[in-house]
Amino acid sequence: MYELIIVNYINNLSKDDIVYFALKNNICLNDLELDYVYKTIKKNYKVLLSDNYQIIFNEGKNYLTSDNYQKICNLFMEYRNKFKSYLK
């Protein structure tokens, strides 16, 4: 059931949603970073929700400023820990 909710959310996710969430969490993405984050979430959300998420974050170092990379990692881990019971 949770998988269906996640798939529906990802399918409806927009760049504006990402910008809003990022700004709300003190993350200012430039256009290239926004494109990278958007495409990564759309194409790799299953990996991000799996135990192999670090693969995506290792790649992200090449596309994000170090400050944004660290903020995104911290935010991801905060939400991952908060909702980990729903991921399995």
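A 4.5 Å side-chain heavy-atom check between Y63 and V37 finds every atom pair outside the cut-off. By the 4.5 Å heavy-atom criterion applied to side chains, F21 and I27 are not counted as neighbours. K71 is not listed as a side-chain neighbour of N25, based on a closest heavy-atom distance of 4.5 Å or more. Between N30 and E33 the shortest side-chain heavy-atom distance falls below 4.5 Å. By the 4.5 Å heavy-atom criterion applied to side chains, N44 and I55 are not counted as neighbours. Annotation: side chain of L48 is in contact with side chain of F76 (closest heavy-atom distance under 4.5 Å). By the 4.5 Å heavy-atom criterion applied to side chains, L29 and V19 are not counted as neighbours.
Under the 4.5 Å side-chain heavy-atom criterion for ILVMFWY residues, no single connected hydrophobic cluster contains both F57 and L32. Note: the hydrophobic cluster containing L34 does not contain Y20 (ILVMFWY, side chain heavy atoms under 4.5 Å, direct or indirect links).
Y79 and F83 have parallel rings, their planes meeting at less than 30° on a 0 to 90° scale where 60° marks the start of perpendicular.
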Going through the distances and angles, do N74 and E78 end up as a side-chain hydrogen bond (donor to acceptor under 3.5 Å, both in side chains)? CA-CA 6 Å; N74 291 341; E78 177 185 330; over 6 Å; no

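Side chain of N8 to main chain of L4: no donor-acceptor pair is present (N/O by atom type, distance under 3.5 Å, no hydrogens or angles).
The structure places NZ of K61 at 9.0 Å from CD of Q70, a figure rounded to the nearest 0.5 Å. To the nearest 0.5 Å, atoms OH (Y2) and CG (L49) are separated by 14.0 Å.
When every heavy atom of Y38 is checked against every heavy atom of L13, the shortest pair comes out as CE1-O, 3.5 Å. For Y69 against N58, the heavy-atom pair with the smallest separation is OH-N, 4.4 Å. Between N68 and C28, the closest heavy-atom pair is ND2-O, 2.9 Å.
Taking 4.0 Å as the cut-off between side-chain N and carboxylate O, D31 and K15 do not count as a salt-bridged pair.
K43 meets the side chain to side chain donor-acceptor pair (under 3.5 Å) test with no other residue; sequence neighbours excluded.
Of the listed residues (I10, I56, D17), just one forms a side-chain contact (heavy atoms from CB on, under 4.5 Å) with I41, and that residue is I10.
Within 6.0 Å of NZ in K39 there are 12 or fewer heavy atoms belonging to other residues, nucleotides or ligands.
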